[in-house]
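Have a look at the structure below before the remarks.
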Amino acid sequence: MDRNSLTGLLLIGAIVIGFSFWMSPSQNEIKELQRKQDSVATVKKQLPDTTAGALTTANSNEAIADDALDTVANTGPFAGASTGENQFFTIENQLIKATLSTRGGRIYSVEIKGQKTWDGKPLVLFNGDKNEFGINFFAENKSISTNDLYFTPMGESFVVDGPLTKSFTMRLKYDEFQYIDYVYTLSEQTHLLDFDIKTTGLQGVINKNVSYFDLQWKSNLLQLEKDVKIERQYSTVYYKYTQDAEVDYMNPAKDEEEKLTTALQWVAFKQHFFSSVLIAKDKFDDGTINKATDLSAPQVTTTGAHLTIPYNHNTNESFGMQFYFGPNHFQTLKAYNLDLERLVNLGWGPLKWINRWAVIPVFNFLDDFNLNYGIIILILTILLKILLFPLTYSSYLSTSKMRILKPEMDEIKEKIGESDPGKLQQEYMKLYKKAGVNPLGGCLPLLLQMPILFAFFFFFPTSFELRQQAFLWAPDLSTYDSIWDFGKLPIIDTIYGDHVSLFCLLMTASTLLYTSLNNQISGATGQMKWMGYLMPIVFLGVLNSNSSGLTYYYFCANMITFAQQWLIRRTVNEAALHKQIQDNKKKPQVEKKSSFQQKLEDMAKARGYKAPTKKK
């Protein structure tokens with residue numbers, strides 16, 4: 001066997017092994033298949049031989065297996081709860097209104113009071129039968145899913161213990177003394193709804209080998225904001241491990257399923273400005289989360305979670321949880337001390353800390369004066385520009401010095417030519433050194449400003465305070481300010497959108513004007529000059545559908561920069577600056593050695609070596 005044949009066999013083997021691994025069913029698929037096979041086997045024992053024979057012939061058919069499960073539900077444990085009338089009850093306070101359904105005993109829908117959707121309708125996070133919530137387990141060797149069973153409403157009770165507390169119980173009966181209770185408890189002025197699952201007397205009904213319940217939660221997230229594309233960019237599943245302070249999330253742009261093998265504290269179905277969060281008072285042992293987006297469907301996305309809660313076969317057991325239904329408002333979420341404020345994406349790395357410890361405190365301070373949010377953004381921009389003025393001033397001086405040196409640089413370039421770029425740069429550096437000019441002096445101040453400027457790129461689009469707040473012609477600073485909706489056009493809709501945002505146009509026009517003035521100051525030519533004009537055009541398409549609060553901020557920043565540069569040009573004497581550069585060039589040049597270089601020479605002298613000298 002030659003080398004090529006051996007390589008071919010190895011590749012074929014690798015492909016076969018990889019294909020077998022790729023095509024093998026997942027653990028969830030194996031569990032589901034086993035569950036259906038167990039259910040079919042159980043039904044075969046209970047049904048007449050003819051029916052059992054038919055099941056044997058078709059036991060690989062999933063539809064037959066599902067019919068078998070329905071038959072078990074009608075004849076096995078909790079059979080009395082397999083049919084019933086779907087009734088609705090509400091439990092509410094000043095902030096939220098939760099509608100409970102007897103089918104599944106679950107929360108059927110949640111309305112956030114005092115909030116409206118983009119088109120003025122009551123804001124409902126989720127609603128309808130396609131949403132699921134229930135526990136799955138085996139009882140008397142039969143698979144039970146509470147999501148499809150009918151609970152008995154036990155009524156509402158009131159507890160006066162501090163703030164008025166309301167409690168509503170839904171009961172799934174095995175018999176009068178054996179049952180599962182879903183207990184919902186809601187206090188005044190809170191977005192938290194307590195939820196407890198309590199089992200009574202079921203230790204002999206639930207299979208002995210069952211050590212946990214599978215809590216299944218699925219929700220179709222409804223469109224709440226004006227631009228569903230932007231809302232989808234912010235809608236996904238967040239989660240927090242109990243032993244880790246960090247919060248993680250699924251990629252909003254991907255449809256995927258993720259297995260979480262470590263204990264969890266909470267799982268959140270997050271949208272742009274509102275979230276539904278399920279919080280364990282102790283912990284969920286592990287779980288699986290998923291999300292999927294159907295672009296043709298009316299909902300924003302579909303989210304799901306399977307969470308494991310322990311069961312210990314005691315006469316009475318209880319597993320405590322809480323729901324959070326409310327806005328993604330940083331201060332509101334932070335007050336619960338559950339790291340829920342991480343649902344607000346403030347950016348990555350230093351951007352997050354700038355927003356958290358600088359921008360938000362200043363924004364909240366200005367908010368206390370009950371000013372219009374457009375005025376608050378303007379004041380915030382002015383304060384930022386005042387803070388960064390020393391860097392702006394330093395950048396202007398460096399740019400002016402480089403412009404003054406440009407005629408001499410052109411002479412060097414003409415003398416040496418462009419064929420030897422290394423030598424050309426060496427001559428440039430000699431000129432910079434003689435003139436006392438730092439070629440990076442104009443760039444470094446700008447680079448130091450960039451983290452602060454980019455921090456606002458994350459802050460304004462996620463700021464709940466701007467939602468549905470009007471300013472000038474913009475009815476809502478959290479979304480785009482359209483002055484012309486021209487409809488969807490091929491290619492244009494993908495690149496630019498179906499509307500014209502005026503603040504975005506003003507931002508682009510002011511940026512182009514700033515670039516033109518900056519090119520005059522710096523003397524930029526060629527590729528660098530035209531790149532400066534290209535970037536604003538690119539951002540015109542990127543930001544046209546973004547928050548008008550963000551584009552308004554960039555427009556204000558540009559206008560304030562114009563004012564600063566006008567002030568600097570009035571105060572800086574360029575003739576004196578030119579004289580200073582010429583005086584620097586006349587001074588004798590003293591070669592400075594770095595401390596590292598000096599140490600090397602000292603070590604060489606100590607060992608009897610003489611430091612090398614330059615030949616003249």
Q. Do you see a donor-acceptor pair shorter than 3.5 Å between the side chains of N220 and N131?
A. no
Q | Pair Y249 + Y239: ring centers closer than 6.0 Å | A | no
(Q) To check you understand the geometry: which heavy-atom pair defines the closest contact between F177 and D175, and what is its length? (A) N-OD1, 2.8 Å
**Q.** Partner of I180 under side-chain contact (heavy atoms from CB on, under 4.5 Å), chosen from L149, I206, I135
**A.** I135
Q: Indicate whether any N or O donor in one side chain lies under 3.5 Å from an N or O acceptor in the other, for S501 and D481.
A: yes
Q) Can a donor-acceptor pair be found between the side chains of S482 and D485 at a distance below 3.5 Å? A) yes
Q) Going by heavy atoms in the side chains, are K283 and Q265 under 4.5 Å from each other? A) no
**Q.** Crowding at NZ, K281 (>12 non-hydrogen neighbours, <6.0 Å)
**A.** yes
Q.
Main chain of L295, side chain of T293: is a donor-acceptor contact present, judged purely on distance under 3.5 Å?
A. no
Q | Sidechain N-carboxylate O distance under 4.0 Å for D148, R103 | A | yes
Q: Verify whether one side chain among T462 and N328 offers a donor that lies under 3.5 Å from an acceptor in the other.
A: no
Q: For the residue pair L95 and I112, establish whether any side-chain heavy-atom pair is separated by less than 4.5 Å.
A: no
Q. Out of Q223, K226, Q271, H272, which one pairs with E231 under the side-chain hydrogen bond (donor to acceptor under 3.5 Å, both in side chains) rule?
A. Q271
Q. For the side chain of S219 and the backbone of T303, is there at least one donor-acceptor N/O pair under 3.5 Å apart?
A. no
Q.
Is there a side-chain contact between F319 and F284 in this structure, where contact means two heavy atoms from C-beta onward sitting under 4.5 Å apart?
A. yes
(Q) If you define the side chain from C-beta out and look only at heavy atoms, does anything of V183 sit under 4.5 Å from T185? (A) yes
Q: Quick one: do E132 and R106 satisfy salt bridge (charged side-chain N to carboxylate O under 4.0 Å, His left out)? Show the steps, please.
A: CA-CA 8 Å; E132 299 177 2; R106 63 184 178 86; over 6 Å; no
(Q) For the residue pair Q322 / D194, report whether a side-chain donor-acceptor contact shorter than 3.5 Å exists. (A) yes
Q. How far apart are the C-alpha atoms of F137 and Y311, what are their side-chain angles, what is the distance that settles it, and do they pass the ring pair (Phe, Tyr, Trp, His ring centres under 6.0 Å) test?
A. CA-CA 10 Å; F137 57 92; Y311 178 71; 7.9 Å; no
(Q) Under the ring pair (Phe, Tyr, Trp, His ring centres under 6.0 Å) test against Y184, which residue among F195, F168, F325, F323 passes? (A) F195
Q: Can you see which heavy atom on S276 is nearest to which on F126, and at what distance?
A: OG-CE2, 3.9 Å
Q: Examine F88 together with Y108 and report whether their ring centres are nearer than 6.0 Å.
A: yes
Q: Assert yes or no for the condition that the ring centre distance of Y174 to F78 is strictly below 6.0 Å.
A: yes
Q.
Check this for me, if you would: do E341 and R356 make a salt bridge, where the nitrogen-to-carboxylate-oxygen distance has to be below 4.0 angstrom?
A. yes
(Q) Quick check against the 3.5 Å criterion: does N312 have a side-chain atom that pairs as donor or acceptor with the backbone of N314? (A) no
Q. Are there more than 12 heavy atoms of other residues, nucleotides or ligands under 6.0 Å from atom CD of Q94?
A. yes
Q. Any side-chain heavy atom of D476 sitting closer than 4.5 Å to one from W118?
A. no
Q: Taking the side chain as every heavy atom from C-beta outward, state whether Y238 and V267 have any atom pair closer than 4.5 Å.
A: no
(Q) For the aromatic rings, using the six-membered ring if either is Trp, is the centroid distance between F274 and F464 under 6.0 Å? (A) yes
Q. Is there a side-chain contact between D196 and Y182 (heavy atoms, below 4.5 Å)?
A. no
Q. Can you tell me if T117 uses its side chain to pair, donor with acceptor, with the backbone of K121 under 3.5 Å?
A. yes
Q: State whether the side chain of N316 and the backbone N or O of T200 hold a donor-acceptor pair below 3.5 Å, judged by distance alone.
A: no
Q: For the pair T165 (side chain) and L186 (backbone), establish whether a donor and an acceptor sit closer than 3.5 Å, ignoring hydrogens and angles.
A: no
Q: Using the salt bridge (charged side-chain N to carboxylate O under 4.0 Å, His left out) rule, take R467 and E225 through it: C-alpha gap first, then chi angles, then the decisive distance, then the call.
A: CA-CA 9 Å; R467 186 178 186 271; E225 311 305 329; 3.0 Å; yes
Q) Does R171 make a cation-pi contact with F151 (under 6.0 Å, within 45 degrees of the axis)? A) no
Q. If you take all heavy atoms of N355 and P361, which pair is closest and at what distance?
A. O-CD, 4.2 Å
Q. Can you tell me if H191 uses its side chain to pair, donor with acceptor, with the backbone of L333 under 3.5 Å?
A. no
Q.
Can you confirm whether more than 12 heavy atoms, excluding those of K352, are under 6.0 Å from its NZ atom?
A. yes
**Q.** Interatomic distance, H306 atom NE2 to N290 atom CG [nearest 0.5 angstrom]
**A.** 7.0 Å
Q: Would you check if the distance from the ring center of H499 to the ring center of F486 is below 6.0 Å?
A: no
Q. Should the pair K291-E257 be classified as a salt bridge under the 4.0 Å nitrogen-to-oxygen rule?
A. no
Q.
Taking atom CZ as the centre, does F89 end up with more than 12 heavy-atom neighbours from other residues, nucleotides or ligands that are less than 6.0 angstrom away?
A. yes
(Q) Distance alone, cut at 3.5 Å: any donor-acceptor contact between the side chains of D286 and T308? (A) yes
Q: Just say parallel, tilted or perpendicular for the rings of F365 and F369, cut-offs at 30° and 60°.
A: perpendicular
(Q) Taking the six-membered ring for Trp, are Y324 and W266 closer than 6.0 Å centroid to centroid? (A) no
Q.
I'd like to know if the side chain of K116 reaches the main chain of L123, judged simply by a donor and an acceptor atom lying under 3.5 Å from each other, with no hydrogens or angles considered.
A. no
Q | Output field: ring centroids F363/F459 closer than 6.0 Å | A | yes
Q: Decide whether Q216 and N136 meet the rule of one side-chain donor and one side-chain acceptor closer than 3.5 Å.
A: yes
(Q) I want to check something: taking the side chain as every heavy atom from C-beta on, are F503 and W473 in contact at a cut-off of under 4.5 Å? (A) yes
Q. Is the side chain of N544 donor-acceptor paired with the backbone N or O of Y496 at a distance under 3.5 Å, no angle test?
A. yes
Q | Side-chain donor-acceptor contact under 3.5 Å, S145 with N147 | A | no
Q) Under the 3.5 angstrom rule, does the side chain of T315 hit a backbone N or O of G201 as a donor-acceptor pair? A) no
Q. Are E92 and K113 close enough for a salt bridge, meaning some N to O gap below 4.0 Å?
A. yes
